[in-house]
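Values below: all heavy atoms of this structure, side chains included; hydrogens, waters and symmetry mates excluded.
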Amino acid sequence: MRIQLIAATAALVMVSGAALAQSAIVVQEQAPVVTGATVVVPGEVRTYVMEQRVPSVAYEGEIVVGAPLPEAVEVRTVDGYNDYAYTVVNERRVLVNPQTRTVIQVLD
């Protein structure tokens, strides 16, 4: 009887683990992320981007972290940091990976 109880418990844990894994995949499909974790941006990059005076681009779509910006949206490089670019979209400053045009962070 004890072995059956242990086997049943183990089966339940494996089934619930699979269910959790499936829900995590669904969440990632709905809200893409860059690496699955919060991106830490150097303070100098954030300061530089916040200080720049550039015109805002009107864009009807939604700006989502992990999604690429359309080619029509001009991005500017961050001086001294080749891994970061930025733009201002709908009055919000957006950090972008310059190689992929993928949104890294939306700054407020």
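Between the side chain of T102 and the backbone N or O of G66 there is no donor-acceptor pair closer than 3.5 Å. Remark: the backbone N or O of I63 is not paired with any side-chain donor or acceptor of R92 at under 3.5 angstrom. A donor-acceptor pair under 3.5 Å is absent between the side-chain atoms of R93 and the main chain of Y86, judged by distance alone.
Taking 4.5 Å as the limit, some side-chain heavy atom of Q105 sits within range of a side-chain heavy atom of L107. Inter-residue side-chain proximity for V73 and R101 is flagged as met; some heavy-atom pair is nearer than 4.5 Å.
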Stepwise, does the side-chain contact (heavy atoms from CB on, under 4.5 Å) test hold for V103 with V64? CA-CA 7 Å; V103 175; V64 178; over 6 Å; no
Criterion side-chain contact (heavy atoms from CB on, under 4.5 Å) on V54 and T87, from CA distance to verdict: CA-CA 8 Å; V54 296; T87 189; over 6 Å; no
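Surrounding CD of E62 are at most 12 heavy atoms belonging to other residues, nucleotides or ligands under 6.0 Å away.
Of the inter-residue distances, the one linking Y59 atom OH with N90 atom CG reads 9.0 Å to the nearest 0.5 angstrom.
Between I104 and V65 the shortest heavy-atom distance is O-CG1, 3.5 Å. Scanning all heavy atoms of the two residues, the minimum distance from Y84 to V40 falls at OH-O, 4.0 Å. Between R76 and P55, the shortest heavy-atom contact is NH2-CD, 4.1 Å. Between L95 and V45 the shortest heavy-atom distance is CD2-CG1, 3.9 Å.
For the side chain to side chain contact (heavy atoms under 4.5 Å, CB included) with V75, the qualifying choice from V94, L69, N97, V57 is L69, the only one to do so.
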